[in-house]
Amino acid sequence: MATRMRLKLKTVFVLYFLVSLLGLIYALMQLGHRCDCTEHDMPMERTISRLRGELHLLQEQTKKSEAGRRPPKDSSLPTVFVVTPTYARLVQKAELTRLSQTFLHVPELHWIVVEDSQTKTPLVKQLLVKSGLTYTHLHVPTVKERKLKEGDPSWFKPRGVEQRNEALRWLREQRYSPKGRGGVVYFADDDNTYSLRIFEEMRDTRRVAVWPVGLVGGMKYEKPVVEGGKVVRFHVGWRPGRPFPMDMAGFAVSLKLLLEKPNSCFDGDAPMGFLESSLLQGLVTMDQLEPKADNCSKILVWHTRTEKPKMKREDIMQSQGLGSDPAVEV
Ligand code: UGA
Ligand code: MN
């Protein structure tokens, strides 16, 4: 009886040993194999998809507001008011995008965009809202007699005059004096190229600051000539006898001076090349000009001009009913 019991126990023990051994071998075989059990994957997949969702949300937020790219606020700095006249054309969004993204790198900059139009356009409005910049959006149309017509050479009539004067009117109306730290006004056309350094050069302008402009007036550059720290004449090829033979991009005026001289503005009837002089004449004399950019030896702004894009193929495609979708903003 006892022998049978021992035999049974032995069998149970051997069976138990064999089952354990098989279990161990199976477990060892599974090691290193990819688990294809969907149940195990579920929590991992859910985490990944949640993280993806969060990443997408963050990316959208960064895209919507460029504010995060702005330099930190420094309330001790004078404000740079940048006045940009602009008008609707195929390259307008590209020009304003490039400009706004340059300005994002400049601390304490206030962009005054003045549209040459009957109303504020949705394109410019949206661009400004999304820009992340401090801005003021104005508009005033150029009167018909002063407006360039299709085919007119670009120098035929002055451009952006009413728009710059509208910005001056707005600045005077505000009697803008941001916390008494003053400001400077710069007329920055939408097609030029601006080095970030030029904004720091102009920031402490007392009356009118001046510097060279690259690629302008049929020259590599035009510049004020400085001797003993004063502007004595101008290096220009065309009509050097003008009171201030400078391009719009080559000077900035202190806000204080513009407020002190409330009637100074641009004269749209000024002869060709005299637009800049029409404002400056009422504000300063040559010996009061403040030379910047290492005594006017550095080029920090370029009078670049954007080529008008050719629409030959677009026109052909349109005549075939295959033109680009007009709902897509360019
Ligand atoms: C040169 C100067 O750089 C300008 O500052 C000056 O206004 C102009 O000559 C002039 O004599 O009136 P240019 O490159 O020939 O500039 O002029 P644009 O760049 O074609 O126009 C100057 C600004 O006015 C730009 O910001 C442009 O968007 C704006 N503009 C031009 C308008 O608002 N309306 C127009 O019909 C044309
Ligand atoms: Mn231009």
Side-chain angles (χ1 to χ4, degrees), residues 63-66 69 82-106 109 111-133 135-167 186-195 213-218 247-249 266 268 272 275 301-330:
K63 256 190 242 161
K64 267 188 208 138
S65 165
E66 298 284 345
R69 294 165 200 259
V82 176
V83 174
T84 302
T86 186
Y87 69 111
R89 66 228 194 255
L90 274 172
V91 298
Q92 185 182 33
K93 192 176 183 184
E95 305 279 36
L96 295 177
T97 299
R98 190 182 56 230
L99 221 56
S100 67
Q101 290 179 1
T102 295
F103 297 162
L104 277 173
H105 297 284
V106 184
L109 183 146
W111 197 16
I112 306 175
V113 178
V114 195
E115 285 196 76
D116 183 352
S117 59
Q118 291 288 347
T119 53
K120 294 180 194 174
T121 64
L123 185 147
V124 176
K125 210 181 279 182
Q126 281 305 307
L127 189 134
L128 288 171
V129 167
K130 290 183 192 160
S131 71
L133 290 163
Y135 67 87
T136 297
H137 187 187
L138 305 171
H139 74 99
V140 60
T142 301
V143 293
K144 223 173 112 218
E145 310 80 73
R146 291 228 183 103
K147 187 87 176 161
L148 280 175
K149 292 186 195 73
E150 189 71 32
D152 279 351
S154 72
W155 46 263
F156 198 55
K157 286 172 186 162
R159 283 129 281 151
V161 178
E162 279 99 322
Q163 291 70 36
R164 296 187 191 99
N165 285 340
E166 174 65 7
Y186 182 46
F187 301 97
D189 292 350
D190 60 5
D191 53 346
N192 294 338
T193 306
Y194 305 91
S195 154
V213 177
L215 314 175
V216 72
D247 185 79
M248 201 67 73
F266 292 97
M272 191 176 57
L275 190 60
V301 54
W302 296 262
H303 183 255
T304 44
R305 309 195 74 208
T306 304
E307 187 187 358
K308 190 177 171 198
K310 294 178 182 69
M311 288 294 118
K312 212 172 100 189
R313 310 224 173 269
E314 184 72 53
D315 293 344
I316 296 170
M317 300 272 286
Q318 254 174 32
S319 69
Q320 297 166 346
L322 297 168
S324 303
D325 183 354
V328 175
E329 192 180 79
V330 181

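Atom set for the values below is all heavy atoms of this structure, side chains included, hydrogens, waters and symmetry mates excluded. Position 1 is the first residue of the sequence, and the numbers go up from there.
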Any chance you could lay out the side chain to side chain contact (heavy atoms under 4.5 Å, CB included) test for Met248 and Asn192, step after step, and finish with the verdict?
CA-CA 10 Å; Met248 201 67 73; Asn192 294 338; over 6 Å; no
Check Ser131 against Leu104 and note the closest heavy-atom contact, atom names and distance.
O-CD2, 3.3 Å
I'd like to check Asp189 versus Arg159 (side-chain heavy atoms, cut-off strictly below 4.5 Å). Are they in contact?
no
For Gln320, look at atom CD and say whether over 12 heavy atoms of other residues, nucleotides or ligands are found less than 6.0 Å away.
yes
Under a 3.5 Å cutoff, is there a donor and acceptor pairing between the side chains of His139 and Glu166?
no
Here's a test for you: under side-chain hydrogen bond (donor to acceptor under 3.5 Å, both in side chains), which of Lys93, Arg98, Gln92 qualifies with Glu95?
Arg98
Minimal heavy-atom distance between Ile112 and Ala167, with the atoms involved, is CG2-CB, 3.9 Å
For His303 and Arg305: C-alpha separation, side-chain torsions, deciding distance, then whether side chain to side chain contact (heavy atoms under 4.5 Å, CB included) applies.
CA-CA 7 Å; His303 183 255; Arg305 309 195 74 208; 3.9 Å; yes
Report yes if the side chains of Tyr135 and Phe103 come closer than 4.5 Å at any heavy-atom pair, otherwise no.
no
Within-4.5 Å side-chain heavy-atom neighbours: Asp116 and Pro85
no
Pair Thr142, Gln163 - check side chain to side chain donor-acceptor pair (under 3.5 Å), show working.
CA-CA 8 Å; Thr142 301; Gln163 291 70 36; 3.2 Å; yes
Would you call Asp190 and Arg89 a salt bridge, using N to O less than 4.0 angstrom?
yes
Between Asp325 and Ala327, what is the shortest heavy-atom contact and its length?
OD1-N, 2.9 Å
By the definition side-chain contact (heavy atoms from CB on, under 4.5 Å), identify the one residue from Asp247, Leu215, Val213 that meets it with Val301.
Val213
Between Trp111 and Thr84, do the side chains contain a donor N or O and an acceptor N or O under 3.5 Å apart?
yes
What pair of heavy atoms forms the shortest contact from Leu123 to Val330, and how long is it?
CD1-O, 4.2 Å
So which atom in Gly268 and which in Pro158 form the shortest heavy-atom distance, rounded to 0.1 Å?
O-CG, 3.3 Å
Has the side chain of Glu115 got a donor or acceptor atom that lies under 3.5 Å from a matching backbone atom of Thr121?
yes
How far apart are the closest heavy atoms of Thr304 and Asp191, and which atoms are they?
OG1-O, 2.8 Å
Is the closest basic N to carboxylate O distance between Lys310 and Asp315 below 4.0 Å?
no
Is there side-chain contact between Leu128 and Lys120, with heavy atoms separated by less than 4.5 Å?
no
